[in-house]
Number of protein chains: 2
Amino acid sequence: MALNKNSPRVLVVDDEPGLADLIASALKFAGFQPEVATNGTGAIKKYLADKFDIIILDVMLPDMNGFDLAKKISTSAPRTPILFLTAKDSTEDKIRGLTVGGDDYVTKPFSLEELVARVNAILRRAGNDAGGSGRVEFHGLEMDEETREVRRDGKLIDLTTTEFRLLHYLLSNAKKVVTRAQIMDYVWNYDFGGDSGILETYISYLRKKVDFKEPKLIHTVRGFGYVIKNKENP
Amino acid sequence: MALNKNSPRVLVVDDEPGLADLIASALKFAGFQPEVATNGTGAIKKYLADKFDIIILDVMLPDMNGFDLAKKISTSAPRTPILFLTAKDSTEDKIRGLTVGGDDYVTKPFSLEELVARVNAILRRAGNDAGGSGRVEFHGLEMDEETREVRRDGKLIDLTTTEFRLLHYLLSNAKKVVTRAQIMDYVWNYDFGGDSGILETYISYLRKKVDFKEPKLIHTVRGFGYVIKNKENP
DNA sequence: ATTAAGCTGTAAATTTCCTTAAAATTTGCA
DNA sequence: TGCAAATTTTAAGGAAATTTACAGCTTAAT
């Protein structure tokens, strides 16, 4: 997770400071160098001052339409790809027309897992990839993002989308304890209100599907969260 | 996807940076080495500096008529084939006259699938083929880009254009899960806005036509996209 | 032993997908 | 040009998978 000079720079533009910060911290955690702007003018200033590899842009800004901002930016020569954030209801079709080039869009509310995945996808397409091979592995438990295949000791296992996301998050943080709050923020939509033990339910699903034999890899840290590790062979 | 030295070089000339980038990324994905120019003078500069195997040229340029640019280029000794991009309405006949030798043209808006297919066809004709045989095959399901023939276990199958494009995209990404968004962007015209389940409809058509027997090759990845693979013999 | 936290099965709610039919559009041909 | 056929797109009902809520039970900590 070392933030070296070569980690891609991301400009996050959202008028909701809390959300912008949430996104920024998730990006930093994923190995990017985020910068935050909370309005259009600030965004332009930062954009002109620095080079960014990608811009995450809310289409709803207080002082400026996100579309216009995008247009301003898209005229510069080495075009910076944009990931639009948009409300679910409207504008979806409008966005579709705009996402020409390396662009993409995510509808609010989204999960940070998804957002980071999209950013990675865009950068991969643009060629200035951060690195990751798209595979995660830990003691015989492997996941491949490309094929979406999951294996335990070679045996193929079928997971639903949420199961896949959860396991992927745990696995890419292997040996590190992650809190339930972190998991909820990352795997579920950031504004997900209810928590009627849905995380426990999915942990239960995962244990049944991928962690049914020794050595157990998914461990509960009571009062805190979960961790993937191998107790017998640390 | 390894971009080796021998992958054909393509010069993409379009004044809309977003579209030029879109084309470039699609070409890169297909194994070419694209270079982008957004106006006539820039194109000429790049053309003189480097050798290209093919030029993709929008006939509508800000500083120069695409036709004139084509004429300038066509005087050089080993003529570089040109794929013209043109608006649907007019100029069709004009283009016809210009498409000598290995040339061809595509009307806007086009699908990336189609564009890449045309580029491949031209290069094949010109003899400096990428190496791709123009055939894709996976567990008894074969497609030939040149003849547009599709076979399942040897038996010839008739597909419409869209069906062919969709299947070809899935097949050339065999074993990799592709998202619906990726499919929509690549197979349908790049400015296609709506998505009222048209993808599902075509998947349904394909299943009926080419995937009616075991082992099933087209699989749904719920909440994500589709993938072509053989579950029984992975 | 008490209490809080976590696990798991069941069922309801929701989402996603498939299929079919019909409308709209394009293409081919006379 | 204009009609007929083929293709593409939209729309709707229903089926199936997934997600969510919740209740009863188990486990761990003190």
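Protein chains get the first letters and strands the later ones, always in sequence-line order, with residue 1 at the start of each.
The distance between atom CD1 of A/Ile198 and atom C1' of D/dT18, rounded to the nearest whole Å, is 10 Å. Here the P atom of nucleotide C/dA4 and the CD atom of A/Glu200 are 16 Å apart, to the nearest Å. When the C1' atom of C/dG6 is taken as reference, atom CZ of A/Phe224 falls 16 Å away, rounded to whole Å. In this entry the distance linking NE2 of B/His219 with P of C/dC17 reads 16 Å, nearest Å. The OH-P distance, from B/Tyr205 to D/dT7, rounds to 11 Å in whole Å. Taking atom CG on B/Leu199 and atom P on C/dC17, their separation rounds to 9 Å, with Å as the unit. At whole-Å resolution of the value, CG in A/Leu206 and P in D/dT18 are 13 Å apart.
The phosphate of C/dC18 has neither OP1 nor OP2 within less than 4.0 Å of any side-chain N or O from B/Ser204. Distances shown here put every side-chain N or O of A/Arg222 at or beyond 4.0 Å from the OP1 or OP2 atom of C/dA4. Phosphate contact (OP1/OP2 of C/dT16, side-chain N/O of B/Arg180, threshold under 4.0 Å): absent. Taking only side-chain nitrogens and oxygens, B/Trp188 never comes nearer than 4.0 Å to OP1 or OP2 of D/dT8. Phosphate proximity of D/dT8 to B/Thr160: present, with a side-chain N or O under 4.0 Å from OP1 or OP2. Distances shorter than 4.0 Å separate some side-chain N or O of B/Lys208 from OP1 or OP2 on C/dT20.
Nucleic acid contact class of A/Thr201 (heavy atoms, under 4.0 Å, all strands): base.
Looking at the side chain of B/Thr162, the nearest of the listed nucleotides C/dC18, D/dT8, D/dT20 is D/dT8.
Not a single donor-acceptor pair, N or O on each side, falls under 3.5 Å between the base of C/dT20 and the side chain of B/Tyr202. Between the side chain of B/Tyr226 and the base of C/dT16 there is no donor-acceptor pair of N/O atoms closer than 3.5 Å.
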